[in-house]
Amino acid sequence: MSYQFLPMPDSEGFFGEYGGQVIPPELKAVMDDIDAAYETVRQSTTFQNELNELYADYVGRPSPIFYARRLSEELGGARIFLKREDLNHTGAHKINHCLGEALLAKHMGKTKVLAETGAGQHGVALATACALVGIECEIHMGQIDIEKEHPNVTKMKILGCKLVPVTRGTRTLKDAVDSAFEAYLKDPVNFFYAIGSVVGPHPFPKMVRDFQSIVGREAREQFIAKQQKLPDIVMACVGGGSNAIGLFTAFLPDEDVQMIGVEPSGKGLNTSEHAATLTLGSKGAIHGFKCYNLQDEAGNPLPVYSIASGLDYPGVGPQHCYLKDIGRVQYVTISDKECVDAFMTLSRMEGIIPALESAHAVAHAMKIAKALPAEKTILVNLSGRGDKDADFVAAYLNL
Ligand SMILES: *Cc1c(COP(=O)(O)O)cnc(C)c1O
C-alpha cells in the first residue's frame, strides 16, 4: 500500500471528505481567525521555543520508551514497548495540546478559555495549562459527572478554574458540551473554546494533532536510538483520536510501519453499549465537522459507552476517518473485559497502572503479540496513568 504524504488537511480543513467546518457563518469567521493566528505561531520560533521549553521543564518531556520485558516474555512473542505519556505532569497526553491551546489563546489576547469535561480529565489538564499561562478558565461539567468524579472536581477547584455544574437534560457530557458552547457563543471573539481532542471544526483537528505530534516525533527517534530500526507496529487507543494521531503522525510516511487504532467495544459490538465509531459508525456530521458517527437514522448521535470514560465519544477525528478509508491505519476493538484484564496484567507484570483508556491499546498488543515472532516489535502509546481508575477497578473486580 502506498501512502501519499499530502499536507493535510486542505485549506478548508478537509482530510478527504472528512472534517471541514459545519458551523454558522459568524463562527466560521472566528475559526478562520484562529486558523490564521495558529499558522502564524506555528512558524514563530518564539512561540515554538516557549512551547518546547514548557514541554521539557513543565511536562517533563521527552517521556521515555520502556521495554515491557516481563510482559513480552510471558506472552512469548513480539516485544512490546510503551511510550510513557503516563509520566507527564498531570498524568496523560492531554497536557500536550492543552498547553498549546492555552498559549495560543493568550497570544491571541483572548480573555477566557472555555471547555466542557466528561470525567474531568480534559478539565484538569486545561485548568492546569490556564493556571500556568495565566488566563481565566471556565469548565462546564454535568452534575452526575461532578458527583462521580470527585478527585478531578477538587483539582479543578484548587487550580482556580470556574466550574459550572450542568443540571439540565442528561446532566452528563452531552449537555455539558451544549452548555459550554452556549457560554462561548456569548462572546466568541474574546473567548476561546479549547477542544479536547482532534475533533470539532477546522482548525482544531489540525492544531490539536500538531500539538500532540511531539509524541510520535520523540518516539520515532527514541525507538531508532534504542533498537536501530523502526517498530513494526505502532498502536494507540482511539476516543476522539488525539493520542493516536499524536503517535501516528511521525510514522505515516514509513510504509513498513503498520498502525493500529483501538476502539472500545464495551459490552459488545452487538449491544448498544460500545463506542466503536470507526468500526460501526456511518458518515455524518457532529460538533461542527464531518466524520464517522454512531448515529440514529435521523442523524442524531446515539448514546455511547465505554468502561474508559475518555473513549466514549460518538464521533471521531476526521483524519482517522480518512486513514481508515485509505487503509493506512487499521481500526480494531477491545471489550471492557479485555481492557480490565490488560489493566491488571500490566500492573502486576510491570508495576505500571495504566489508564483504562490506554489499557485498550495494551490489551490489543497483548492479543496479537503472541502470534508474532520475537524479532517483531510493537510500540504502544501508554496515553495516561490509572490512578483515576484504581478505585473503580478494585470495586469492579471485588479486590
Ligand atoms: C482523554 C483520554 C484518551 C482519549 O482521548 P484521545 O483524544 O482519543 O486520545 C485516551 N487516554 C487517556 C489517558 C485520556 O485521558
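Atoms within a ligand are numbered from 1 in the order they appear, just like the ligands themselves.
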Within a distance under 4.0 Å of any heavy atom of [X], pick out the atoms of ligand 1 and give their elements.
X	value
Asn243	6 (P), 9 (O), 10 (C)
Ser242	6 (P), 7 (O), 8 (O), 9 (O)
Cys237	10 (C)
Ser383	10 (C), 11 (N), 12 (C), 13 (C)
Ala355	13 (C)
Gly384	13 (C)

Would you check if the side chain of Asp33 reaches a backbone N or O of Ala29 as a donor-acceptor pair within less than 3.5 Å?
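Side chain of Asp33 to backbone of Ala29, a donor-acceptor pair under 3.5 Å: no, none is there.
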Hey, does the side chain of Asp187 reach the backbone of Phe191 with a donor-acceptor pair shorter than 3.5 angstrom?
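No; judged by distance alone, with no hydrogens or angles, the pair does not exist.
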Taking distance alone, with N or O pairs closer than 3.5 Å, would you say [X] contacts ligand 1?
X	answer
Gly239	yes
Gly240	yes
Glu357	no
Gly241	yes
Gln121	no
Lys388	no

For atom 5 (O) of ligand 1, what is the closest protein heavy atom, and at what distance to 0.1 Å?
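Ranking protein heavy atoms by distance from atom 5 (O) of ligand 1, first comes Gly310 O, 4.0 Å.
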So which heavy atom in the protein is nearest atom 2 (C) of ligand 1, and how far is it from that ligand atom?
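For atom 2 (C) of ligand 1, the nearest protein heavy atom is Lys94 NZ, 2.4 Å.
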Check the hydrophobic clustering (I, L, V, M, F, W, Y; side-chain heavy atoms under 4.5 Å; chains of links allowed) and say if Leu269 and Val238 are grouped together.
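Unlinked, Leu269 and Val238 end up in two clusters.
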Centres of the [X] and [Y] rings: under 6.0 Å?
X	Y	value
Phe66	Phe81	no
His93	Phe211	no
Tyr292	Tyr18	yes

Classify the ring geometry of Phe181 against Tyr193: parallel below 30°, tilted from 30° to 60°, perpendicular beyond 60°.
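Perpendicular, since the angle between the ring planes exceeds 60°.
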How is the hydrophobic cluster of Ile307 composed, in terms of its other members, when Ile, Leu, Val, Met, Phe, Trp and Tyr link through side-chain heavy atoms under 4.5 Å apart, directly or indirectly?
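Ile307 clusters with Tyr305, Val340, Phe343, Met344, Ile353, Leu356, Phe392, Val393, Tyr396, Leu397, Leu399.
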Is the positively charged end of Lys324 above the ring of Tyr331, judged by distance under 6.0 angstrom from the centroid and angle within 45° of the axis?
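Relative to the ring axis of Tyr331, which defines the angle, Lys324 lies outside at least one limit.
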Report yes or no: does His93 have a heavy atom closer than 4.0 Å to ligand 1?
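It does; at least one heavy atom falls under 4.0 Å.
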Measure the OG1-NZ distance between Thr172 and Lys148 for me, rounded to the nearest 0.5 Å.
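If we round to the nearest 0.5 Å, Thr172:OG1 and Lys148:NZ are 8.0 Å apart.
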